[in-house]
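First the structure, in the form of structure tokens, and then the observations on it.
When a ligand or atom number is given, it counts from 1 through the structure's own listing order. Hydrogens, waters and symmetry mates are skipped; everything else that's a heavy atom, side chains included, is used.
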Amino acid sequence: MIAACIFDFDGVVVDTADYHYLSWKRLAAQLGFEFTEKQNEAMKGISRMDSLDVVLEIGDIKVSHKEKLKMAHVKNEWYKEYLQSVDSSVILPGVVNFLEELTAEGIPYALGSASRNAKFVMSKIGIESGFAAVFDGNDTVKSKPDPEVFLKAAAALNQEPKDVLVFEDSYKGIVAAKDGGFLACGVGEKDILHNADFTIQTFENFNLNELRFMLAQVQ
Ligand code: BG6
Ligand code: MG
């Protein structure tokens, strides 16, 4: 069995990807081009500034660093506007049950997210209490696919990466977990997250027994 778990936030614990997408789409529209849902796939797991670079490249727009900071700020203000009414309904199905199972089994868990809004959203939806440690985009210098955020979380949990299972919904997040020496469970499509040790579609109908079964195949 594993000693601890680390959860990514957006797309694993909560369904906030749409709010990110709507905010980037709004920025693109203001800049005069369309930003599609398919293009948004590339934004999963990467930092705000890296995401902005993706959007600007799609629009073939070149601006100064100062201008980029302004754009990222505007996008974040829109994102926070969408988050104003956010409540526990954004928690993805099955997540709370699985966290409760971990607690009952004495397996600690931490958060490792690229989002600088993760702590704010956690406080709004009341999910922080069970997490032994929370690391987000404010606590790191390098963003995924660099393993920094997961390594910091593992250190806070006093565990070696090899004994910790990371749950991630982005390809780059799985790269970060594997490069850091962690076990990685992809949450989503197997085709996209093929670099994970194993994948689950969602946390719905997932439990510790299932996890034991999955781990037995890879450990
Ligand atoms: C990640 C999301 O968790 O956080 C990305 O998957 C997002 O889509 C990134 O861009 C940064 O989020 P924020 O809240 O700091 O702008
Ligand atoms: Mg994610």
Side-chain angles (χ1 to χ4, degrees), residues 5-28 35-58 68-84 86 90-93 95 109-125 127 131 134-150 152-153 165-178 180 182 184-189 192-193 195-196 199-203:
C5 292
I6 299 174
F7 292 84
D8 170 50
F9 195 52
D10 293 300
V12 170
V13 174
V14 287
D15 186 13
T16 41
D18 271 1
Y19 298 136
H20 279 296
Y21 171 55
L22 288 174
S23 316
W24 288 123
K25 195 177 163 64
R26 198 163 153 186
L27 182 73
F35 178 59
T36 67
E37 231 170 319
K38 196 166 170 226
Q39 289 165 331
N40 188 57
E41 271 300 303
M43 317 288 261
K44 281 189 183 169
I46 62 173
S47 71
R48 193 181 309 162
M49 292 309 282
D50 289 348
S51 301
L52 176 62
D53 283 338
V54 172
V55 173
L56 293 178
E57 206 181 311
I58 290 166
K68 277 191 197 178
L69 289 177
K70 258 198 250 169
M71 287 177 179
H73 175 74
V74 167
K75 181 267 170 182
N76 196 48
E77 289 302 303
W78 287 332
Y79 179 61
K80 286 198 296 191
E81 248 173 63
Y82 293 125
L83 289 178
Q84 274 320 312
V86 94
V90 292
I91 302 174
L92 284 160
V95 169
Y109 53 88
L111 195 92
S113 167
S115 172
R116 304 184 78 169
N117 291 295
K119 286 176 190 139
F120 168 69
V121 180
M122 283 179 102
S123 69
K124 284 207 73 138
I125 62 178
I127 202 177
F131 285 81
V134 175
F135 288 89
D136 73 7
N138 298 297
D139 307 306
T140 52
V141 179
K142 295 174 229 153
S143 65
K144 298 170 191 175
D146 190 281
E148 182 185 5
V149 73
F150 295 142
K152 284 195 164 159
L165 176 63
V166 170
F167 289 94
E168 249 296 343
D169 71 317
S170 73
Y171 177 83
K172 285 180 179 160
I174 301 281
V175 172
K178 293 314 296 172
F182 294 87
C185 172
V187 183
E189 297 300 326
I192 299 171
L193 307 172
N195 50 342
T199 54
I200 57 172
Q201 197 73 39
T202 74
F203 281 95

Problem - Beyond-backbone contact of Lys75 with Leu52, side-chain heavy atoms, under 4.5 angstrom - result: no
Handout entry: Heavy atom of the protein closest to atom 8 (O) of ligand 1 (residue, atom name, distance)
Key = Met43 O, 3.3 Å
Exercise for the section: Ignoring angles and geometry beyond distance, decide whether Asp8 reaches within less than 3.5 Å of ligand 1 through its nitrogen or oxygen atoms. Expected result: no
Exercise for the section: Determine whether any heavy atom of Gly137 lies closer than 4.0 Å to an atom of ligand 1. Expected result: no
Practice task
Could you list which atoms of ligand 1 come closer than 4.0 Å to a heavy atom of Arg48?
Solution key: 11 (C), 13 (P), 15 (O), 16 (O)
Completion exercise
The atom name of the N, O or S atom in Asp10 nearest to the Mg ion (ligand 2) is O
Fill in the blank from the handout: Any heavy atom of Arg116 under 4.0 Å from ligand 1? The part involved is both
Practice task
State whether the shortest distance between N or O atoms of Asp10 and N or O atoms of ligand 1 falls below 3.5 angstrom.
Solution key: yes
Handout entry: Aromatic plane relationship, Phe7 with Phe167 - under 30° parallel, 30 to 60° tilted, over 60° perpendicular
Key = parallel
Handout entry: Derivation of the side-chain contact (heavy atoms from CB on, under 4.5 Å) call for Thr140 and Phe135
Key = CA-CA 8 Å; Thr140 52; Phe135 288 89; 5.7 Å; no
Exercise for the section: Could you tell me whether the Mg ion (ligand 2) has an N, O or S atom of Asp8 under 2.8 Å away? Expected result: yes
Handout entry: Side chains of Asp8 and Val149 in contact at under 4.5 Å (non-hydrogen atoms)
Key = no
Exercise for the section: Could you check atom 9 (C) of ligand 1 against the protein and tell me its nearest heavy-atom contact, residue, atom and distance included? Expected result: Ile46 O, 3.0 Å
Exercise for the section: Look at Lys44 together with Asp10 and state whether they make a salt bridge at an N to O cut-off of under 4.0 Å. Expected result: no
Handout entry: Atom name in Asp169, limited to N/O/S, at shortest distance from the Mg ion (ligand 2)
Key = OD1
Handout entry: Geometric N/O contact Tyr79 with ligand 1, under 3.5 angstrom
Key = no
Practice task
Considering heavy atoms of the protein only, find what lies nearest to atom 6 (O) of ligand 1 and give residue, atom and distance to 0.1 Å.
Solution key: Gly45 N, 2.9 Å
Exercise for the section: Test Phe9 against every option in Val134, Val121, Asp136, Asp169 by the side chain to side chain contact (heavy atoms under 4.5 Å, CB included) rule and name the one that passes. Expected result: Val121
Exercise for the section: Please determine if Lys144 and Asp50 form a salt bridge, counting it only when a charged side-chain N lies under 4.0 Å from a carboxylate O. Expected result: no
Practice task
Mind checking whether Ser51 contacts ligand 1 via backbone (N, CA, C, O), side chain (CB onward), both or neither, at a 4.0 Å heavy-atom cut-off?
Solution key: side chain
Problem - Neighbour count >12 (heavy atoms, 6.0 Å) for atom NZ, Lys178 - result: yes
Exercise for the section: For the residue pair Phe150 and Phe182, categorise the inter-ring angle as parallel (less than 30°), tilted (30 to 60°) or perpendicular (more than 60°). Expected result: perpendicular
